[in-house]
Amino acid sequence: MSNLNELYQEVILDHNKNPRYFKKLENYNRKIEARNPLCGDQYTIYLLIEDGKIKNIGFEGVGCAISKASSSLMTSSVVNQSIEFSKNLFNKMHLIFTGKSNSINEDELGSLFALSGVSEFPARVKCASLSWHALNGVLSEIHETVTTE
Amino acid sequence: MSNLNELYQEVILDHNKNPRYFKKLENYNRKIEARNPLCGDQYTIYLLIEDGKIKNIGFEGVGCAISKASSSLMTSSVVNQSIEFSKNLFNKMHLIFTGKSNSINEDELGSLFALSGVSEFPARVKCASLSWHALNGVLSEIHETVTTE
Amino acid sequence: MHQFIQNSKSENQIFDVKKIRQDFPILNTKVHGKPLVYLDNAATSQKPKVVIDAIQKYYESQNSNVHRGVHFLSDSATNSYEEARDKIKNFINAKSSKEVIYVRGTTEAINLVAHTFVKPKLNEGDNVIVSLMEHHANIVPWQIVCDEKKAKIKIIPINEFGELKVEEVNNLIDEKTKFISLVHISNSLGTINPIKKVIELAHKNNIPILIDGAQSVCHSKIDVQDLGCDFFVFSGHKICAPTGIGILYGKEKLLEAMPPYQGGGDMILQVTFEKTIYNDLPYKFEAGTPNIAGAIGLGVAVEYLQNLGYENINTQESKLLNYATEKFSKLENVRIIGTSKNKASIVSFVMADIHAHDVGTILDQEGVAVRAGHHCTQPVMDYFKIAGTARASFSFYNTLEEVDILEDAVKKGIKIFLG
Amino acid sequence: MHQFIQNSKSENQIFDVKKIRQDFPILNTKVHGKPLVYLDNAATSQKPKVVIDAIQKYYESQNSNVHRGVHFLSDSATNSYEEARDKIKNFINAKSSKEVIYVRGTTEAINLVAHTFVKPKLNEGDNVIVSLMEHHANIVPWQIVCDEKKAKIKIIPINEFGELKVEEVNNLIDEKTKFISLVHISNSLGTINPIKKVIELAHKNNIPILIDGAQSVCHSKIDVQDLGCDFFVFSGHKICAPTGIGILYGKEKLLEAMPPYQGGGDMILQVTFEKTIYNDLPYKFEAGTPNIAGAIGLGVAVEYLQNLGYENINTQESKLLNYATEKFSKLENVRIIGTSKNKASIVSFVMADIHAHDVGTILDQEGVAVRAGHHCTQPVMDYFKIAGTARASFSFYNTLEEVDILEDAVKKGIKIFLG
Ligand SMILES: Cc1ncc(COP(=O)(O)O)c(C=O)c1O
Ligand SMILES: Cc1ncc(COP(=O)(O)O)c(C=O)c1O
């Protein structure tokens, strides 16, 4: 059971039960669909991006505990942060999910650290990274548009 | 080589080289296509049937030595014979080809005996019986028409 | 000692599960240090050693292309390939081996029928009837051809037990109904449909009907002549046979009249650029080099099932179904989805509001393999207003002890999530 | 002793055929009491033990349905299945694994492209160009779609050596040409076509082109990016892999724009009766449970070939081709059909007017397996005005001694028929 307890940590169960930023935004300028057809996870993420910053964020949809908690933790971590910061965070988390990170700093990660147990469950990496990939995709587009201008 | 010599007996090689009744009939009332797509054997058999008898027969086409010699031996055996006789001969030869005949009478069979080596070559049974099946098919139809009248 | 005597007794009597399990090498696998409890049989069955050995034997002593050779290996491969077809013909009691077409699986079989039999008959405004509990394989092909022909799909509804509302079939049928395609046993609910009744109804209205037997061939003896259906399709991999092989059964007259599906070698008699003559049945529908080893393996698999005997299979599977149903009915926070009176050994369930995917992971840690999700039957999930279920599907080689392990694992999951 | 030293020497140097042969269990077979001399490699190749073992291992320790499960076996099967795809991607140097679609074989791949890519583009009066030396698999699918669309097939002619008249391609191309489909290496003549030239010509005229690589992947390193072709197709069973699996490579952009071929599980994202959303590449084209064991076996087979090295393969096969060609050229009453300058290790021949079928039987009695007939290339036979040929096709595991045995058997046949 030790593995399972690492995956389903208190933080995860809490964010699954009471997901943060779990609402449709009234006022948004980006909308992303994140779906994993194999397990039926399906979220819509709303973003209000202004001045290179994620001014507001919200998500709704259905999915497993891992994907929901991960989305909730993600939204909590990137709200009011810059695009740059969020993209870097994606890169960091991506390495953690796939077990390729060689230095995980618990203090620095804060509650995101709860997601590190996922790397022991290869079949669940997709769940944890679903919303992150979706977010990163849209941020990269914005980024590219900005830098190629 | 003993097996091969049984298959390619003198009679077979002769009938392959000089097939009998190897011509299109001018005057015929039945025409049958006999083909084995897997090896490309392909013959047309012409029949003149009158009064329950095969009054004349001829065939043309291309195929292996076994199918050609067998067709030649068949035509030679059934010409001027009754439908009944020909159908019985088919049944007899069918048993011989498939190795199911338990009494092969060389004297009775005459030159048809040369075809008995085929049973040792399962892959070639289809070649030997190709024209026979075609003939039997058309004779059975006639027969049925006759008997159901 | 006592144990031993009991075992050897039941061995002589009917069906010794412990002994049967030895036929399946994979059942000895350890998962996360625990014995594998394989309850994902509706997704794919495990393979007995005789089937695995047949594949090996084929590649080590027979391998050759079929039909087109005169040499020893080619003859040997062709004979085994065609003998397998004859075995399958007998297995489903088809009239002739010509009616037994090798395909990749159920999905390809349904696509073949949709494209070569149904599509040419469809006109604008026509309809095809399926049920709400179809697998996507029996929905999407009809959507594709109906879209193309501006025809419609009509749906036989189900009730809260997951049973087909057969009485609705008659109302759905109209003069524009060109085909009915119905699943025999639902892969997500376990429901056994009264297909004979629907086949009769269809034929009374002169409508041809296909039965999707993907889930039924492993549980019950199929007699296509007795059923009277026009097409019957199934996958080898769900009945102890290799992957990549399946069967389309069709009535000879219908198959004769259908155009070919794919073009290529073996399905033609003669090719020129001006004109091509198609081959006879069953070859007309078997273009290209087939899955020879798969077909031979399927022949061995159906023999294996026949030797076990469907009576024995049913006895064991009923035991498992009843035992599991009883246990699960008593569990708080667990709800069984699919409670048809007539049911195969499939138990789909939801746990409180724990997502099926999480249930799957939790059970997996205990060595228990179940499927989690919509099981390619999204309309069923939509009907029950759930995202998915966890599904335990039992085979004759499963044991009551395995049901116990499943139950314990489910309880652990509830504990983790609900404390 | 001397022998031994020689062997171990060549073993270290390049390619020890005797040792390689030990990888193939079937090569120890006795046929009619004589050692099997397998020269029917163009029909299907034999399988090395590593491939046979991979199939066994899959069924004994991994077997599960792919993509849809969260449990251990399902994860293991999915990983192996997708790793195999990556291996194949690298093997043919595709840009992305999304461009690598699992199909049953070459025949299915061509049918898929004909139906989903070419057919929608075809209008009355359009044309598709193929060559006279195509396998039926690259003729019949085009006949089917062209018939349906009232389009035409145009044929690149060949010369008496069995070489493509490339200079004619430009004359054949017109503004109504919608597609070109060309065989890389002819299975009945051995001709290696200058496909790069034809691909360039096609693209200069904005015409997409498919290359039928059924016979080429076993003989030469394929780099689809270097070739630049839009589609490249081949069968696993001809390159040491199991039956029932093959590859359609297609450029991502083209595949993206194509509608699906078959409908069912795995190829959809979401299904309701109102609307179905198709899955991403490559899954859009992989409806239903695939040939999982076959795909994994194909991955192992391409690794096996890569480890052998195409240089070594080519050296050995050239030796065999040259040796056999020299011998056969000297034989009275024997004529080689297909004498292209650029040729793979395939020797088709006719013997006096002995029918190919009889030649096949005679050689078989000596243990020699060759194919006899039209090799699914009837137009080639018609061009040479012959009913068929006997075809010896050599693989890297064949030996010069086997060519000697072939020659002796041919001589015996001539003796029987011509005295
Ligand atoms: C050149 C060529 N194309 C296509 C095919 C058809 O391949 P398959 O039968 O594996 O689909 C073959 C094999 O016979 C071939 O040699
Ligand atoms: C009822 C039903 N129909 C069709 C299928 C599709 O079978 P396959 O994936 O073998 O083509 C399945 C299997 O998942 C099934 O359960």
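Every chain is numbered from 1, with letters handed out A, B, ... down the list of sequences.
- Heavy-atom distances place no part of D/Val380 under 4.5 Å from chain C, backbone and side chain included.
- Under the 3.5 Å distance criterion, the side-chain polar atoms of C/Asn65 are matched with a main-chain donor or acceptor of D/Ala43.
- Taking CD from D/Glu286 and CZ from C/Arg104, the interatomic distance works out to 9.0 Å, rounded to the nearest 0.5 Å.
- Heavy-atom distances place both the backbone and the side chain of C/Gln270 under 4.5 Å from chain D.
- When each of C/Pro379, C/Gly360, C/Gly246, C/Gly105 is scored by its heavy-atom pairs under 4.5 Å with chain D, the top score falls to C/Pro379.
- In terms of non-hydrogen atom pairs under 4.5 Å with chain C, the most contact-rich of D/Lys47, D/His115, D/Gln378, D/Gln262 is D/Gln262.
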Audit row: C/Asn111, D/Tyr261, side chain to side chain contact (heavy atoms under 4.5 Å, CB included) steps and yes/no: CA-CA 9 Å; C/Asn111 277 276; D/Tyr261 182 53; over 6 Å; no
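- Between chain C and the residues D/Ile55, D/Thr361, D/Leu73, the largest count of heavy-atom pairs under 4.5 Å involves D/Leu73.
- The shortest side-chain heavy-atom distance between C/Thr289 and D/Thr44 does not fall under the 4.5 Å cut-off.
- A distance-only check finds a donor-acceptor pair linking the side chain of D/Asn63 to the backbone of C/Ser45 [under 3.5 Å].
- For the options D/Glu108, D/Gln56, D/His32, D/His135, heavy-atom pairs under 4.5 Å to chain C are most numerous at D/Glu108.
- Chain D is approached within less than 4.5 Å, heavy atom to heavy atom, by C/His237, C/Pro242 from residues 234-242 of chain C, ordered by number.
- C/Pro141 and D/Gly263 make their closest contact through CG-O, 3.5 Å (heavy atoms, listed as atom of the first residue, atom of the second, distance).
- In this structure, chain C has a heavy atom under 4.5 Å from the side chain of D/Asp382, while its backbone stays farther away.
- A donor-acceptor pair is defined here as one N or O able to donate and one able to accept, closer than 3.5 Å; no such pair exists between the side chain of C/Thr276 and the backbone of D/Val140.
- Of the possible polar contacts, one joining the D/Gln143 side chain to the C/Phe273 backbone as a donor-acceptor pair under 3.5 Å is found.
- If you measure heavy-atom distances from C/Leu363 to chain D, you find no contacts under 4.5 Å at all.
- For the options C/Ile268, C/Thr107, C/Ile26, heavy-atom pairs under 4.5 Å to chain D are most numerous at C/Ile26.
- When each of C/His136, C/Arg371, C/Gln46 is scored by its heavy-atom pairs under 4.5 Å with chain D, the top score falls to C/Arg371.
- Not counting sequence neighbours, C/Lys284 has no partner by the side-chain hydrogen bond (donor to acceptor under 3.5 Å, both in side chains) test.
- Contact count against chain D (heavy-atom pairs under 4.5 Å) is highest for C/Ile155 among C/Asp40, C/Asn138, C/Ile155, C/Thr106.
- Counting heavy-atom pairs closer than 4.5 Å to chain D, the top-ranked of the candidates C/Ile292, C/Val368, C/Thr29 is C/Ile292.
- Chain D forms the most heavy-atom pairs under 4.5 Å with one residue out of C/Val51, C/Val370, C/Thr377, and that residue is C/Val370.
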